[in-house]
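Let me begin by presenting the structure, written as structure tokens, before commenting on it.
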Amino acid sequence: MKELRAIIITMLILTGVMWWYLISDYEEIDNYNQTTNNYRWISDLGNGVEYVSFMGNDEQCYIKVDRSKGTGIIDKNGITILPNQFEDVEYKGGEYMAAATNEHWILKDLDGEDVGFLNRISYLYSYAGDKYFIQYGDDAFKDPSDGFVIIDAVSGKTVKEYNDYYNAMRLDDGNWYISKTLDTEGILTRMILMQNDVYSGEYPEEESEPYGFFTDENFEPLYEGKEYQLICQGDGLYVAKDTDANGDESYIVLDKDGELFRAEDKNLIDRFEEYEWTGNYINDTLTVFKNEDGNIGFASINNIYDIVYYGKDGNYNGTNELSENSYTIGNKNLIVFTEEEKDEYGTSIKYGIKDKNNNVVLPASYYELIFLPGTDNIMVNSSMGCGIIRLEVN
């Protein structure tokens, strides 16, 4: 009898726990159903989509689609450019994109046609953007001082060789930053797709202060070869750390012609420190940009809708709070809003959209939400679905 009573109590407890989870998930499920019933998912991605990510800029952008069976690319209207059959795909601006198979890196044009091939079994490569790849030596991680070469994948020829330096980054305006020292955590970390389909993170334990220099697209040094640490870049702007002869450090904002201003506001300095501590190849272009008024925006690395603006002279020009972050699609004025969600791992931000009358257009069910330029479409990621939504009521 005692055993039966214990079994009944256990079943009641388990039933209560299950009901609690169902009730907790109901609101999210209801929000998801509201979205799918009222708006059209224009990207026919099917089941198994794990994540979609924005690649490029307002002038030219694509969506990377990660699925359990492979990775591909769609355009901002949901049309397939590269099918989901590759180990990885990348677009970093320019007239080309790249896709990796088990044996090759393939350079493709923007229609998805093959342009060039590089054997990734024989050599270690990372895609730099446009038609360029970086090829490392045999001991890319064990011996980070073995240098690298920059390859034009259309011709297959080496365009520049740096035997004594660590890495390079092609900037979105076509210029380059050449890293002279080991960088294990910043945006100049060597990101090499290995044969087990993961990007290697095996680095020596040695530590060094990262620094390097900028060049133009022909690899001629800019700023008379002065050395900086690159923190982030975007829209032809570079945020860098400068160390003077006395060892004093400051953050500066540059363009291709030289220094624009040095950061003096604590709020901006704190944001640059956040970039420096958490920056990487994925989010380095989501931080600094120009708006239509010519002001420079610096977004939070954790929340791209939290933006502070400065003029080219370094004067503070205001903050774009989420409640003021409005977009116009057709004749509809839309506003991004957020809600916090707490779980056992901490607090996360979820995004939604309201109209000008404060009516919910999309519920705050998405941990990523990006308006796709030049369209009525919005790229979203959520636990209930990933893809592109078109804001048209059925």
Side-chain angles (χ1 to χ4, degrees), residues 43 45-46 48-57 60-75 79-141 144 146 148-159 166-172 176 187-203 280-285 379 381 386:
S43 47
L45 305 180
V49 178
E50 298 172 345
Y51 188 70
V52 292
S53 51
F54 182 89
M55 301 186 297
N57 51 48
Q60 188 75 40
C61 66
Y62 295 91
I63 308 299
K64 177 179 179 179
V65 181
D66 290 312
R67 298 185 63 170
S68 54
K69 67 177 183 180
T71 302
I73 292 178
I74 60 177
D75 69 12
I79 298 173
T80 298
I81 305 298
L82 300 181
N84 291 95
Q85 63 184 35
F86 299 99
E87 294 185 6
D88 196 22
V89 294
E90 295 189 49
Y91 176 71
K92 297 183 177 181
E95 300 302 317
Y96 302 93
M97 56 183 60
T101 67
N102 186 53
E103 297 180 349
H104 296 95
W105 270 108
I106 307 171
L107 187 72
K108 293 176 174 284
D109 63 23
L110 299 185
D111 294 321
E113 299 298 322
D114 295 351
V115 177
F117 295 84
L118 295 172
N119 189 322
R120 58 182 289 254
I121 295 178
S122 301
Y123 299 99
L124 299 175
Y125 293 99
S126 67
Y127 180 54
D130 197 51
K131 61 182 179 179
Y132 299 103
F133 282 81
I134 299 171
Q135 177 187 315
Y136 302 100
D138 294 334
D139 297 321
F141 300 107
D146 61 359
F148 60 90
V149 297
I150 298 174
I151 307 290
D152 176 342
V154 174
S155 66
K157 295 181 179 179
T158 295
V159 295
Y166 175 66
N167 205 5
M169 183 177 188
R170 184 177 179 273
L171 307 172
D172 70 341
W176 292 81
I187 62 174
L188 268 296
T189 299
R190 286 182 173 178
M191 298 290 287
I192 303 171
L193 183 66
M194 309 305 287
Q195 289 299 307
N196 57 356
D197 299 348
V198 298
Y199 281 91
S200 179
E202 301 176 2
Y203 304 101
N280 56 47
Y281 268 124
I282 296 173
N283 58 29
D284 72 281
T285 56
M379 188 202 83
N381 280 295
C386 306

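What's counted below: heavy atoms across the whole structure, side chains too, no hydrogens, waters or symmetry copies.
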Side chain to side chain, [X] and [Y], heavy atoms closer than 4.5 Å:
{"X": "Leu110", "Y": "Glu95", "value": "yes"}
{"X": "Asp88", "Y": "Glu90", "value": "yes"}
{"X": "Arg190", "Y": "Tyr166", "value": "yes"}
{"X": "Val154", "Y": "Tyr96", "value": "yes"}
{"X": "Gln135", "Y": "Leu118", "value": "no"}
{"X": "Phe117", "Y": "Leu107", "value": "no"}
{"X": "Trp176", "Y": "Tyr132", "value": "yes"}

Which heavy atom of [X] sits nearest a heavy atom of [Y], and at what distance?
{"X": "Asn119", "Y": "Tyr125", "result": "O-CE1, 3.4 Å"}
{"X": "Met191", "Y": "Ser126", "result": "O-CB, 3.1 Å"}
{"X": "Val89", "Y": "Ala99", "result": "CG1-CB, 3.9 Å"}
{"X": "Gly94", "Y": "Asp130", "result": "CA-OD1, 3.2 Å"}
{"X": "Val52", "Y": "Asn381", "result": "O-ND2, 2.7 Å"}
{"X": "Asn102", "Y": "Ile121", "result": "O-CG1, 4.0 Å"}

How far does [atom1] of [X] sit from [atom2] of [Y], to the nearest 0.5 angstrom?
{"X": "Lys131", "Y": "Ile150", "atom1": "NZ", "atom2": "CD1", "answer": "12.5 Å"}
{"X": "Asn84", "Y": "Ile73", "atom1": "CG", "atom2": "CD1", "answer": "10.0 Å"}
{"X": "Asn57", "Y": "Lys92", "atom1": "CG", "atom2": "NZ", "answer": "14.0 Å"}
{"X": "Phe86", "Y": "Lys69", "atom1": "CZ", "atom2": "NZ", "answer": "12.5 Å"}
{"X": "Ile151", "Y": "Thr158", "atom1": "CD1", "atom2": "OG1", "answer": "3.5 Å"}
{"X": "Thr189", "Y": "Met169", "atom1": "OG1", "atom2": "CE", "answer": "10.5 Å"}

Is it the case that the side chain of [X] and the backbone of [Y] share a donor-acceptor pair, with hydrogens and angles ignored and the cut-off at 3.5 Å?
{"X": "Thr101", "Y": "His104", "result": "yes"}
{"X": "Asp109", "Y": "Asp111", "result": "yes"}
{"X": "Arg120", "Y": "Met194", "result": "yes"}

Charged N to carboxylate O below 4.0 Å: is that the case for Asp152 and Lys157?
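No, this pair does not count.
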Report the relative orientation of the aromatic rings in Tyr127 and Trp105; use parallel for angles under 30°, tilted for 30 to 60°, perpendicular for over 60°.
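Tyr127 and Trp105: parallel rings.
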Taking atom CD of Glu50 as the centre, report whether more than 12 heavy atoms of other residues, nucleotides or ligands fall under 6.0 Å from it.
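Atom CD in Glu50 is packed in, count exceeds 12.
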